[in-house]
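Report on one structure; see the data block that follows.
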Amino acid sequence: MDDWEGMETTALTSPASEGTHGDSWNNDLSKFGRGRAGRGFKTSFSGRGRGFDGTDRSELDGGDDGVCENGFMGGSRGGGRGSRGGFRSGGDQGARGDFGGGYRGKDEEVFAQGEDKDPQRKGESEGERPKVTYIPPTLPEDEESIFAHYEKGINFDKYDDIMVDVSGINPPHAIMTFEEAALCESLRRNVSKTGYVKPTPVQKHGIPIITAGRDLMACAQTGSGKTAAFLLPILQQLMADGVAASSFSELQEPEAIIVAPTRELIHQIYQEARKFAFGTCVRPVVVYGGVSTGHQIRDILRGCNVLCGTPGRLLDMIGRGKVGCSKLRYLVLDEADRMLDMGFEPDMRRLVASPGIPSKENRQTLMFSATYPEDIQRMAADFLKTDYLFLAVGVVGGACSDVEQTFVQVTKFAKREKLLDLLQTTGTERTLVFVETKRQADFIATYLCQEKVRTTSIHGDREQQEREQALADFRSGKCPVLVATSVAARGLDIPDVNHVVNFDLPHNIDEYVHRIGRTGRCGNIGRAVSFYDPDADGQLSRSLLTVLSKAQQEVPSWLEESAFSCSGAAGFNPPRKSFAATDSRKGGSFHDNSTSSQPAVPQTADEEEWE
DNA sequence: CTCCCTT
């Protein structure tokens, strides 16, 4: 089932970049160890208001052309030069001087990735490459390319065992076939070209719910066909209601907006949207950071019915007046729990406060994720109509137990050796190594490269082009080891990930569930090995225990003991978050439960499947 | 605290 929402490798690998990064694992090495003082990104980001509320472009653009762009870069590449200040800080201005004004320019003067090789720049950069506004490879428009990679073996029958639970008032009946979805001709054709024969459970239930105009909070694993579950009914409605054929305009007012927490993920969703919208008058567009803004603006202005985006760039586009929200009918939050957690919540609130945007009563809001901490569910109600439906889809004894989860007690300092050890015994099978920090990702990737393990890495401080290249190299098998931060934890659909290694365990259990969900999919056996550092991971032990037992995994006795001792006095350590696929409106009983002898997870039917 | 999110 991995293949379902598969991002097309080709889309991420441009011929031009092939040369530059051809030897990615080798080449990456040279880039890894560079000092990285962190970019102004974060500081400026979480800091305060963003340019976008200003709507006043002059300020924004002025910043672009002047200090910011390179300041930004300087922070990233400049290792150590005073880049902490965030963009627009004086300290960054220094960085700018280093590469003269040549490269910073307007969006119009961007460099295609091939030019990245410019020897002069390379020479002078030495750890300080000038900012090149990256233009992702133009995706081919031909049918063949759009529908590439649809012929993977999908075990549809596996889905018959899935347990489904719908709660909420008056849910519509599920459909059993795509015919019942009453899709128009071109959509039907696209569906079958995509290789879908019969709907998956999330589609069987989700499609009629959306078609009926209901708001939805859906709990389903990535790769279970959830993207199609919301795209199809949305596209169908738009076409049925005869949306104006998209055409050039200085202001575009999309009928649907889809947001996701990472660039790679939104790109993947966009690819799906292109498939299903092929040959229709509905035009999907994608926007995200790290690539040329001007390019994306032009793409939007050509016509935009379904806008996919990461929050920052999306808000930027709205703030620049390129995108209006008054015609919005559908708002989709993918990885919704992530979109509503601390990091993104302000952006989401800002989004739903955009000028002209219909209130929640006057639009349809759809949320999808594999995990829904209960506090997040409560907050999600701010975005949903009160009668929203909750849909939980799980594979009984399925995906989760297809992942063999093992734990190794390792202290911080022994982790590196242990990892190498592990990789040498597993050979070249595809392995995704999760680490806690961006710095650590560079560090470990460099180390593995030195040990002749073909490794690449992905994290938020890498150039967008590098991120895409890394993913492409991992997918293609050129680099069978990918070292990643949580940027790769969710949603990414990479077939044949044989192993997931939690070099560092995440701090929260949902993240753990998402991470190990990168493997063991589609009936394949996956393996997840986690390095458990008793000094650091004690807090997680209890919820790990619950996850393990629910997935019918063996629990090491030391972990059990650790959980016992870490939980302190009975009931004093209730799980902060539950990770179950349970409608928080159902009684709300498990609040109270969590302080009793109940395990961390509410005892409902949805044993399975958090992905 | 870190991660991810515009310029």
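In the text below, chain A, chain B and the rest are named by the order of the sequence lines, each starting its count at 1. This one's a predicted model, so the numbers in the text were calculated from it and none came from an experiment.
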Original post:
When the distance from CG of A:Asp316 to P of B:dC5 is rounded to whole Å, what number comes out?
Top reply: 15 Å

Original post:
What is the distance from CZ of A:Arg439 to P of B:dC1, rounded to the nearest Å?
Top reply: 16 Å

**OP:** Output yes when at least one side-chain N/O atom of A:Arg467 is less than 4.0 Å from OP1 or OP2 of B:dC5, else no.
**Re:** yes

**OP:** Using whole Å, report how far CG of A:Asp341 lies from C1' of B:dC3.
**Re:** 9 Å

Subject >> Among B:dC5, B:dC1, B:dC3, the one nearest A:Met342 by side-chain distance >> reply: B:dC1

Original post:
Distance check: side-chain N/O of A:Thr262 vs OP1/OP2 of B:dC5, anything under 4.0 Å?
Top reply: no

Subject >> Atom-to-atom span, CG of A:Leu540 to P of B:dT2 - whole angstrom >> reply: 18 Å

Original post:
Within this structure, what is the CD-to-C1' distance between A:Glu264 and B:dC5, rounded to whole angstrom?
Top reply: 12 Å

Subject >> Partner of A:Asp337 by side-chain contact (heavy atoms from CB on, under 4.5 Å), out of A:Met379, A:Arg490, A:Met367 >> reply: A:Arg490

Original post:
With A:Tyr288, which of A:Ile266, A:Leu265, A:Thr262 fulfils side-chain contact (heavy atoms from CB on, under 4.5 Å)?
Top reply: A:Ile266

Original post:
Between the side-chain atoms of A:Arg338 and the base atoms of B:dC5, is any donor-acceptor pair under 3.5 Å?
Top reply: no

Subject >> Which nucleotide in B:dC5, B:dT2, B:dC4 has an atom nearest any side-chain atom of A:Asp347 >> reply: B:dC5

Original post:
What residues form a ring pair (Phe, Tyr, Trp, His ring centres under 6.0 Å) with A:Tyr330, not counting sequence neighbours?
Top reply: none

Original post:
With nearest nucleotides of DNA chain B determined for A:Leu314 and A:Glu436 from heavy-atom distances, which residue corresponds to the more 5′ nucleotide?
Top reply: A:Glu436

Original post:
For A:Val291, which contact category applies under a 4.0 Å heavy-atom criterion: base, sugar-phosphate, or nothing?
Top reply: sugar-phosphate

**OP:** Looking only at non-hydrogen atoms, find the nearest pair between A:Ile234 and A:Ala256 and report the distance.
**Re:** CG2-CB, 4.0 Å

Original post:
Quick one: is A:Thr485 getting a side-chain N or O under 4.0 Å of the B:dC4 phosphate, OP1 or OP2?
Top reply: yes

Subject >> Whole angstrom value for the distance that separates P of B:dC4 from CZ of A:Arg462 >> reply: 12 Å

**OP:** Grab the CD-C1' distance between A:Gln440 and B:dC3 for me, whole Å please.
**Re:** 14 Å

**OP:** Under the ring pair (Phe, Tyr, Trp, His ring centres under 6.0 Å) rule, collect the residues that match up with A:Phe230, sequence neighbours excluded.
**Re:** A:Phe368

Original post:
A:Glu335 CD to B:dC5 C1': how many Å, rounded?
Top reply: 14 Å

